[in-house]
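Accompanying notes for the structure given below.
Whatever order the structure lists ligands and atoms in, that order sets their numbers, starting from 1.
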Amino acid sequence: MKKLLTLLLALLMVTGLFANGQQEDTVESPLKIVLLVKSLGNGFFEAVADGGVEAAEELGNVESIYMGPSASTAEGQIEIIETLIAQRVDGIAISANDKDALIPVTKKAMAAGIKVISFDSGIAPGGRIVDLIPSVSELIGRQQVQLIAELTDYKGQIGIVSATSQATNQNEWIQWMYEEIKDPKYKDMELVEVVYGDDMADKSYREAVGLMQKYPELTGIISPTTVGVLAASKAIEDEGMKGKVQITGLGLPSEMQHYIENGTCGQMALWNPVDLGYTSTMILEALITGKVEGNEGDVFKVGRMGEVTVGKDGVSVMSTPFVFNKENIAKYAAMF
Ligand code: RAM
């Protein structure tokens, strides 16, 4: 009997210790959640990183890690994901440089128990659990054409300065721009060419100059990338085309305030990138801890952002873009 009691006591101690040990473990090693962006040095993604840190602080059990290749290539991202698999991180949110090329490596990551989602620029279904997009792609694309039409009085040749030719998000938006312009109200407007600045300031600048030289009748440029719209605005001014060539796009208010206030860019749109990083981190935490599986119809509770519902093919939509102009730019520039 005495022996039995001792055994029971020992057992209790062991389980007690184990439970304690587990508790300490959670406190000591927070969940490692990586925000893997298209490339480093982009103010948009730096704001995304701020959102990741905010969510991590709020959740308490998360370490937010910000990573990206030096240039916007799928190869650079694949290399990083391989390292993250070896390091056994808990979750990765990826803004993809290619919707298909990343699939084999993200599948490998998921097979190793890492939760993978895409955000901003998606990975095709099969290569991630959820794809968090800032707004409906159709709405974003159509709105870009509407914004430039208002600036050019619905006339003339329009060029597009995009990011990389493989970018999932820009390619989807551009497809909708071509749909929108079919509307008879744009009969005097033409989308003449898409050029690619690769989300590099210097290349975007050169491509914008190239468009203005190639098309002397150019009345407007749409640049649906924060890097591109900033570089193209500078190119318009440097080429003495301010007032002759209008520009709109998706711009970061803090970077574009100068060009909005001096009238080079009459209006542009975007969403809050801080919210995008915050929400991606919240979603990953819920997936890692098993609170939500990420199936169609599932609802993620995402702190101050409320709820995000998983749609068809895992696509989850945040909200609608803001439009910035002279009246409101200063307010938003202070935020992101
Ligand atoms: C650039 C990137 C990003 C895109 C924004 C609008 O910073 O290409 O993916 O969402 O622009």
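For W271, no nitrogen or oxygen atom sits less than 3.5 Å from a nitrogen or oxygen atom of ligand 1, counting backbone and side chain alike. At least one N or O atom of T226, backbone or side chain, sits closer than 3.5 Å to an N or O atom of ligand 1.
Counting heavy atoms under 4.0 Å from ligand 1, residue N42 touches it through the side chain alone. The proximity of N169 to ligand 1, defined as any non-hydrogen pair under 4.0 Å, is limited to the side chain.
Within ligand 1, the atoms closer than 4.0 Å to a non-hydrogen atom of D120 are 3 (C), 4 (C), 9 (O), 10 (O), numbered from 1 in the order shown. Per-residue contacts place W173 under 4.0 angstrom from the following atoms of ligand 1 (heavy atoms of the residue considered): 10 (O). Using a 4.0 Å cut-off to heavy atoms of F45, the atoms of ligand 1 that qualify are 3 (C), 9 (O). Close contacts between ligand 1 and T225 involve ligand atoms 11 (O) [criterion: under 4.0 Å to a heavy atom].
The line from CD of E75 to CG of L102 is 9.0 Å long, rounded to the nearest 0.5 Å. The CD1 atom of I158 sits 9.0 Å away from the CD1 atom of I221 when rounded to the nearest 0.5 Å.
Ring geometry for Y154 versus Y186: interplanar angle under 30°, hence parallel rather than tilted (30 to 60°). Taking the six-membered ring where the residue is Trp, F336 and F324 present perpendicular rings, their angle passing 60° and hence far from 30°.
Protein heavy atom in closest approach to atom 8 (O) of ligand 1: D199 OD2, 2.7 Å.
In this structure, L151 and T248 have side chains that are in contact, with non-hydrogen atoms separated by less than 4.5 Å.
Salt bridge present: K203 and D198 bring a charged side-chain N and a carboxylate O closer than 4.0 Å. Under a 4.0 Å N-O distance rule, the pair E82/K108 qualifies as a salt bridge.
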